[in-house]
Amino acid sequence: MKKVITYGTFDLFHEGHRQILLKAKGLGDYLIVGITSDYFDIQRGKMNVKQSLLERIEGVKKCGIADEIIIEEHAGQKVADVQKHCVDIFAIGDDWHGKFDYLNEYCNVVYLNRTPKISSTSLREDQFGIVRLGVVGTGRIATRQAHELKFVSGVCNYAVYNPNKSSADKFASKHGISLVFDNYDEFLEKVDAVYIASPHDTHYDYALRSLNAYKHVLCEKPMTLSGNEAEHLFSVAEQNKLVLMEAIRTAYAPGFINLLAIARDGRIGKIKDIEAAITKLIPQTPHSREYDVNVGGSFTELASGSLLPIIKILGKEHKSLNFDFFTNNENVDLYAKAYLKYDDAIATAKTGIGIKSEGQLLISGTKGYILVNSPWWLTKAFEVCYEDTTENEHFSAPFPGYGMRYELADFIRNIREPELVNFKLTRTDSIALAYMMENFIQIRKERLGALAC
Ligand code: CTP
């Protein structure tokens with residue numbers, strides 16, 4: 001008996017899927033279909049798959065062509081499957097041409113013609129439409145967003161805004177965006193949602209105007225530099241039934257969510273201390289926003305990230321919050337430490353733009369600790385360590401790119417399915433972070449004022 005194997009996501013089972021299964025079956029006597037698990041799809045960066053694994057299995061089953069269905073759970077599984085199931089032929093659509101030649105060592109690899117003009121992506125777009133996203137600001141982060149958005153279906157960068165039109169023009173032509181604006185109201189008229197990646201002190205105004213114009217908002221961190229402003233934005237979003245999300249990419253990345261689950265499951269006992277550090281040496285140039293005396297500094301630049309694991313694990317009800325910092329001659333903090341005290345735990349968040357330190361996350365408990373090495377904010381792997389080192393565990397959850405595609409996919413999902421609960425970075429999380437920003441800025445001002453006297 002000749003055995004054939006093929007793989008796919010098989011989301012919203014369509015004619016292209018039926019045809020490829022028929023062709024694959026025609027190559028032998030017995031067809032095995034490998035269907036990707038939900039987690040594997042997320043991990044490999046295939047975002048916005050609409051159906052659950054069970055629904056996708058049901059779709060393949062119903063067509064009656066497969067003799068056996070297996071689940072593909074991780075990269076590198078195909079070799080093991082081919083050997084385990086004594087497969088003769090590996091068949092796949094020619095959109096993968098050449099990618100699986102390495103399997104020729106184990107079986108015969110055949111690339112089959114793909115059925116034209118149909119795909120799960122186009123079905124998803126027909127069914128749910130495309131969210132027209134407007135990009136506010138055209139700097140480094142917006143460039144990353146434009147790269148990552150290509151991996152998220154159901155959304156496109158439709159227009160770009162920058163008060164400096166020539167910057168917007170450059171960005172638009174580089175990323176194939178046809179609409180360019182230097183007038184915010186005209187820009188808002190053309191889009192369904194906005195992604196705000198402008199300087200920190202402009203976030204509030206842009207976000208508020210967008211929400212008042214009934215546009216969903218994904219806003220780069222820190223969303224605001226004051227707690228009241230964050231509260232106000234969320235109340236307008238709620239009133240107008242809109243999605244408002246803060247873009248802290250770590251919060252949405254699969255590895256970080258896995259890390260939180262492991263930290264909370266009790267294996268390291270009671271968590272007593274968290275140390276989180278992010279430092280990034282940023283050269284000071286005359287116009288660098290990171291060194292702006294009013295809104296720049298290491299804390300506003302990086303603390304949304306280093307405070308995130310602390311508030312996600314120990315909560316937002318700290319008993320005290322204190323700071324130490326070094327500034328440059330213009331009173332911009334180059335390095336800052338936030339000390340948080342809880343009823344039964346302590347934590348430190350460290351940030352630096354002019355002083356470099358080891359960027360690690362260390363979560364200490366009564367039975368062991370979790371260590372995530374730099375860059376922990378793109379959590380791809382971590383160690384759980386115990387007194388008996390032979391019991392140490394290693395977890396890994398690799399993901400492609402900068403990790404932004406996960407927050408973008410969640411943003412689109414929340415727009416489409418507002419009934420879904422967003423637990424990854426909640427309204428209260430963002431508000432708490434904004435109050436901490438405000439607190440730091442206030443203390444920095446007071447302390448420097450006192451030193452000047
Ligand atoms: N396939 C095909 N013809 C199509 C669509 C898919 O032959 N029009 C094949 C793919 O080449 C692959 C299998 O069907 O061998 C499963 O592909 P999958 O990725 O699930 O389907 P797509 O519709 O391409 O999904 P997406 O748009 O999400 O990438």
Side-chain angles (χ1 to χ4, degrees), residues 3-28 30-75 77-78 81-82 85 87-104 107-131 148-156 399-401 405-406 408-410 412-413 416:
K3 279 192 176 178
V4 184
I5 198 163
T6 190
Y7 292 86
T9 303
F10 298 102
D11 190 25
L12 305 171
F13 195 87
H14 55 68
E15 184 57 20
H17 292 143
R18 204 177 74 83
Q19 288 299 334
I20 198 108
L21 295 188
L22 279 174
K23 287 179 212 164
K25 177 95 179 228
L27 297 171
Y30 188 85
L31 178 66
I32 304 170
V33 179
I35 305 181
T36 48
S37 71
D38 295 335
Y39 187 67
F40 183 39
D41 272 329
I42 288 174
Q43 213 179 33
R44 67 195 182 118
K46 189 171 170 89
M47 311 306 298
N48 286 0
V49 173
K50 193 65 205 145
Q51 292 182 305
S52 69
L53 174 60
L54 284 182
E55 290 169 312
R56 292 181 286 118
I57 291 175
E58 214 37 54
V60 172
K61 246 192 199 165
K62 243 166 107 189
C63 82
I65 305 166
D67 296 293
E68 187 176 343
I69 292 174
I70 61 170
I71 312 302
E72 186 183 22
E73 290 175 282
H74 57 85
Q77 186 185 312
K78 291 188 177 78
D81 288 345
V82 166
H85 296 277
V87 166
D88 301 287
I89 297 171
F90 171 89
I92 196 103
D94 58 5
D95 45 325
W96 293 98
H97 193 83
K99 292 256 166 59
F100 295 104
D101 288 355
Y102 68 92
L103 289 172
N104 271 313
C107 63
N108 192 8
V109 175
V110 178
Y111 297 102
L112 297 165
N113 285 342
R114 197 180 148 92
T115 308
K117 293 188 187 131
I118 185 154
S119 69
S120 304
T121 304
S122 62
L123 286 180
R124 284 190 289 262
E125 287 174 1
D126 290 351
Q127 227 172 314
F128 305 104
I130 295 187
V131 173
E148 290 274 313
L149 196 78
K150 292 186 198 125
F151 299 95
V152 183
S153 52
V155 57
C156 70
F399 61 82
R405 66 192 69 176
Y406 299 101
L408 291 164
D410 271 29
I412 303 307
R413 190 201 65 153
R416 301 235 183 278

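Atoms within each ligand, like the ligands themselves, are counted from 1 in listed order. We count residues from 1, following the sequence as given. Because only heavy atoms are used, hydrogens play no part in the values below, and waters and symmetry mates are left out as well, while side chains stay in.
Between R56 and T36, the closest side-chain pair of non-hydrogen atoms falls below 4.5 Å. Under the 4.5 Å side-chain criterion, counting only non-hydrogen atoms from C-beta, I42 is in contact with Y406. At least one side-chain heavy atom of T6 sits under 4.5 Å from a side-chain heavy atom of L21.
One finds the OH atom of Y111 at 9.0 Å from the NZ atom of K99 (value rounded to the nearest 0.5 Å). Atom CD1 of residue I35 and atom CZ of residue F13 lie 9.0 Å apart, to the nearest 0.5 angstrom.
Taking each of D41, I20, I92 in turn, the one with a heavy atom nearest to atom 9 (C) of ligand 1 proves to be I20. The residue from A24, S120, G8 that puts a heavy atom closest to atom 22 (P) of ligand 1 is S120.
Given atom 6 (C) of ligand 1, the protein heavy atom at minimum distance is R114 NH1, 3.3 Å. Protein heavy atom nearest atom 21 (O) of ligand 1, with residue, atom name and distance: H17 NE2, 3.0 Å. With respect to atom 27 (O) of ligand 1, the closest heavy atom belonging to the protein is T121 OG1, 2.5 Å.
Looking at D95 against ligand 1, only its side chain comes within 4.0 Å, counting heavy atoms. Under 4.0 angstrom from ligand 1, the non-hydrogen atoms of R124 all belong to its side chain.
A cation-pi contact links K78 to Y7, judged by a cut-off of 6.0 Å to the six-membered ring centre and 45° from its axis. The side-chain tip of R416 does not point at the ring of F128 from less than 6.0 angstrom away and within 45° of straight on.
Of all atoms in ligand 1, numbered sequentially from 1 with element shown, those under 4.0 Å from a heavy atom of G93 are 11 (O), 15 (O). Close contacts of ligand 1 with I118, meaning ligand atoms under 4.0 Å from a residue heavy atom, involve 4 (C), 5 (C), 8 (N). Atom numbering of ligand 1 starts at 1 in the shown order; those under 4.0 Å from a heavy atom of S119 are 23 (O), 27 (O). In summary, the atoms of ligand 1 found under 4.0 Å from a heavy atom of T9, numbered by their order in the structure, are 20 (O). The F10 neighbourhood of ligand 1 comprises atoms 16 (C), 20 (O), with distances under 4.0 Å to a heavy atom of that residue. Those atoms of ligand 1 that come under 4.0 Å of a heavy atom in K46, given as number and element, are 19 (O), 25 (O), 26 (P), 28 (O), 29 (O).
In this structure, Q19 does not count as a contact residue of ligand 1, since none of its heavy atoms falls inside 4.0 Å of the ligand. Judged by the shortest distance from any of its heavy atoms, H14 lies inside the 4.0 Å radius around the atoms of ligand 1.
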Applying salt bridge (Lys or Arg N to Asp or Glu O under 4.0 Å), run through D67 and K3 and close with a yes or a no.
CA-CA 10 Å; D67 296 293; K3 279 192 176 178; over 6 Å; no

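Within a 6.0 Å sphere centred on NE2 of H74, other residues, nucleotides and ligands contribute more than 12 heavy atoms.
Considering backbone and side-chain atoms alike, T6 places every N or O at 3.5 Å or more from each N or O of ligand 1.
In this structure, H14 and H17 have parallel ring planes: the angle between them is below the 30° cut-off, well short of the 60° mark.
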